[in-house]
Amino acid sequence: MSAPMIEATEIRMVFGEVKALDGVSLHVPEGEVLALLGHNGAGKTTLINILATLLPPTSGTARVAGFDVVSQAREVRRHIGITGQFVAVDRELSGTDNLVLIARLLGAGRREAKARAEELLEVFELTHTAGRPARTYSGGMRRRLDLASSLVGHPDVIFLDEPTTGLDPTGRLGLWEIVERLVKDGTAVLLTTQYLDEADRLADSVTVLSGGKIVAAGTASELKAGVGQHTVHVTLTDQAHTAAAVASLERAGLLPVADEESDKVSVAVEASTDLARVVRALDDAGATAAEIAFTQPTLDDVYLSLAAGRVS
Amino acid sequence: MTTVPVWRGSSAFTQFTVLTGRALRTVVSSWQVTVLGLLQPVFMLLVISEVFGSMANPAYFPQGVRYIDYLMPGILITTGIGPAVSAGVGLIKDLENGVMARFRSLPIGMYWVLFGRGVADLARAAVQILVMLLGAVALLGFSPPGGVRGMAFALLIALFVTWSLAWTFIALGAFTRSAEVMQAVGFLAVFPLTFASSAFVPLDVLPGWLQAVATVNPLSHAVNASRHLTLSTAGGAEVPVALLASLVLAVLAQFVAMAGIRRKPLTA
Ligand SMILES: Nc1ncnc2c1ncn2[C@@H]1O[C@H](COP(=O)(O)OP(=O)(O)OP(=O)(O)O)[C@@H](O)[C@H]1O
Ligand SMILES: [Mg+2]
């Protein structure tokens, strides 16, 4: 394994009463992607802000590209690119001018800056609107310009905070491909997401944050092993049958998760053929389903199986 | 693997030129603000000269000077207040749009971001003051004894004042980070700054307490200096006082502005 490009140790961040981060440690080597998964308020954005030198932590240390994010912030800034959760582009400037501005500030000459801007506009499919002020862009177009802005300086480390929110399916896929190319060239990427499939597709390792603490860390497949390849969501006709259904599913060797108070049971399964086993187990318990859905596992399923102690 | 150029930062000079150019561009793209900004001083000039001009006791004013001529040097100075406020407003827009956070993530000095803001609105003020001046000469027959030279120096004094006020509002924006608070403070400050000064009437006619306020008001000194330069009235000593006051304010406000930027993190 190569030297870590991002190394956070026991990061704590307190805002008044709120412990946004409570002892978070992680590391990302060169050419790898770490996905931070977590619900709203888990502390993802706070961690990104700290690692990108925008927010000094209450305690703990972090090194990015070999430099301390607090005492050597200027050095760190020479090596990073960040796309925040909210778009940060100069709305009065055109797409080209936004990118040229950043390139020039990073030290590119006038001509180099223009060339780099054109290159990125093409990659992000913004060439046709390159000359228009960014305020006339659609939300997704602005998001893509924002993403391009963070890549101008060929940074060694890239932070992407929920980069695919607001992108259409093509844009999402496009971004995934761009990230994969960057990683192949040795860039280290830390991205946050709410989507398990995104983490699965891109990340070498996944860290799940909850309430400012790391509740699970591992490779995407390790995480998925506990969650299953697919999830069957069952809505029972009668809530009284929940406990019996769970017991029956467990007897059938399945991994059901349910809240006693609800009429919903989810079951992690490996293949669609397991669907029959689920139905049979429900039948045995005398429970009838109002609805059965067969889906990809979501972040919720990860949390549920974490709560059930199946992933660690 | 392709070889890529390594850009790791630019010189202070590049940061200054690039960031100032960027701020100037936003001024150009919002040229309507510049044009509309001209309305207020023109309105003041016309209304005040009409309203007060008819009541003005000639005994209070310098011999042989029309009220409108008396007013012009004052209006030149106060015209810069509008652009100064818009420097603060521009900073807050950058904060709200996340542009300041993006700049913070780059290896640049935040001072140059603020400096560019100031220069851009100084340019806006220069355009407005120049238009005012040319308009007054062409349309109102403003032809003071100080001549072109006097007017040019008065313009310079006005720009000095604008520069210091722009930094003041940038500092205010950096500290409050709120458009509403900025606007409210701006409005509250502008009223006494303009009216409790020698801009519209000689200080002697004001009641005692207002006279005291107007005397310490730095704008009064700038107005007196501007009047001295254009109308050749007494008060040559006001020129260095006005310059020094502006300089001190500009330097202080820069420190406060940078402290305001450092005080609260610029997060994405
Ligand atoms: N500047 C701040 N002042 C006070 N509390 C804050 C501040 N920033 C974040 N917090 C709190 O810290 C916690 C973590 O917030 P953070 O923005 O890091 O969450 P997140 O995981 O990015 O959530 P989301 O998915 O909604 O973006 C939240 O409880 C939030 O209210
Ligand atoms: Mg967030």
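Proteins come first, then strands; the chains are lettered A, B, ... in the order of their sequence lines, and each starts at number 1.
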Quick one: does Arg172(A)'s side chain have a donor or acceptor within less than 3.5 Å of a partner on Gly166(A)'s backbone? no

Within the 4.5 Å heavy-atom criterion, are Leu26(A) and Leu190(A) side-chain neighbours or not? yes

May I ask you to name which of Ala108(A), Pro133(A), Gly84(A) has the most heavy-atom pairs under 4.5 Å with chain B? Ala108(A)

Contact leader toward chain A among Lys93(B), Met100(B), Arg22(B), where contacts are heavy-atom pairs under 4.5 Å: Arg22(B)

Among Ser11(B), Ser29(B), Ser105(B), who wins on heavy-atom pairs under 4.5 Å with chain A? Ser105(B)

Please tell me whether Phe169(B) and Trp163(B) form a close aromatic pair, meaning their ring centres lie under 6.0 Å apart. no

Donor-acceptor contact below 3.5 Å, side chain Gln15(B) vs main chain Gly109(B): yes

Can you label the angle between the Phe13(B) ring and the Phe16(B) ring as parallel, tilted or perpendicular, going by 30° and 60°? tilted

Is it the side chain or the backbone of Thr46(A) that comes within 4.5 Å of chain B heavy atoms, both, or neither? neither

Charged N-O contact under 4.0 Å between Asp94(B) and Arg117(B): yes

Looking at chain A, which one of Pro265(B), Gly98(B), Gly9(B) has the largest number of heavy-atom pairs inside 4.5 Å, strictly under? Gly9(B)

May I ask you to decide if Arg124(B)'s main-chain N or O and Asp121(B)'s side chain share a donor-acceptor pair within less than 3.5 Å? no

Who wins among Thr83(A), Asp161(A), Asp97(A) for the most heavy-atom pairs under 4.5 Å with chain B? Asp97(A)

For the atom pair CD (Glu7(A)) and CG (Leu51(A)), what is the distance rounded to the nearest 0.5 Å? 11.0 Å

What residue, out of Ala268(B), Pro107(B), Gly21(B), has the most heavy-atom pairs lying under 4.5 Å from chain A? Pro107(B)

Will you find, in the side chains of Thr34(B) and Gln128(B), an N or O donor that is under 3.5 Å from an N or O acceptor? no

So that I know where these two stand, are Phe160(B) and Trp167(B) an aromatic pair - ring centroids less than 6.0 Å apart? no

Would you check, one step at a time, whether the test side-chain contact (heavy atoms from CB on, under 4.5 Å) holds for Val157(A) with Ile6(A)? CA-CA 8 Å; Val157(A) 179; Ile6(A) 303 174; 3.6 Å; yes

Heaviest contributor of heavy-atom pairs below 4.5 Å to chain A, chosen from Leu19(B), Leu106(B), Val99(B), is Leu106(B)

Which residues in residues 87-95 of chain A have any heavy atom lying under 4.5 Å from a heavy atom of chain B? Val87(A), Ala88(A), Val89(A), Asp90(A), Arg91(A), Glu92(A), Leu93(A)

Side chains of Ser197(B) and Asn217(B): do they bring a donor and an acceptor to under 3.5 Å? no

I'd like to know if Arg77(A) pairs up with Glu75(A) as an ion pair, taking the criterion as any Lys NZ or Arg NE/NH1/NH2 lying under 4.0 Å from an Asp or Glu carboxylate oxygen. no

Is there any residue in residues 134-149 of chain A with a non-hydrogen atom under 4.5 Å from a non-hydrogen atom of chain B, and which ones are they? Asp146(A), Ser149(A)

Less than 4.5 Å apart, side chain to side chain, heavy atoms only: is that true for Phe159(A) and Thr192(A)? no

Residues of residues 110-125 of chain A near chain B, each having a heavy atom less than 4.5 Å away: Glu112(A), Arg116(A)

Identify which of Val18(B), Thr14(B), Thr26(B) forms the greatest number of heavy-atom pairs closer than 4.5 Å to chain A. Val18(B)

Per-residue contact mode, Ile108(B) against chain A (heavy atom under 4.5 angstrom): both

Output every pair passing ring pair (Phe, Tyr, Trp, His ring centres under 6.0 Å) with a member in residues 68-114 of chain A, not counting sequence neighbours, ordered by first then second residue. Phe67(A)-His79(A)

Give the member of Ile48(A), Ile102(A), Ile80(A) that has the highest number of heavy-atom pairs under 4.5 Å with chain B. Ile102(A)

Taking the six-membered ring for Trp, is the centroid-to-centroid distance between Phe195(B) and Phe191(B) below 6.0 Å? yes

Under 3.5 Å: donor-acceptor pair, side chain of Arg104(B), backbone of Leu54(A): no

Are the side chains of Val189(A) and Val28(A) in contact, using a 4.5 Å heavy-atom criterion? no

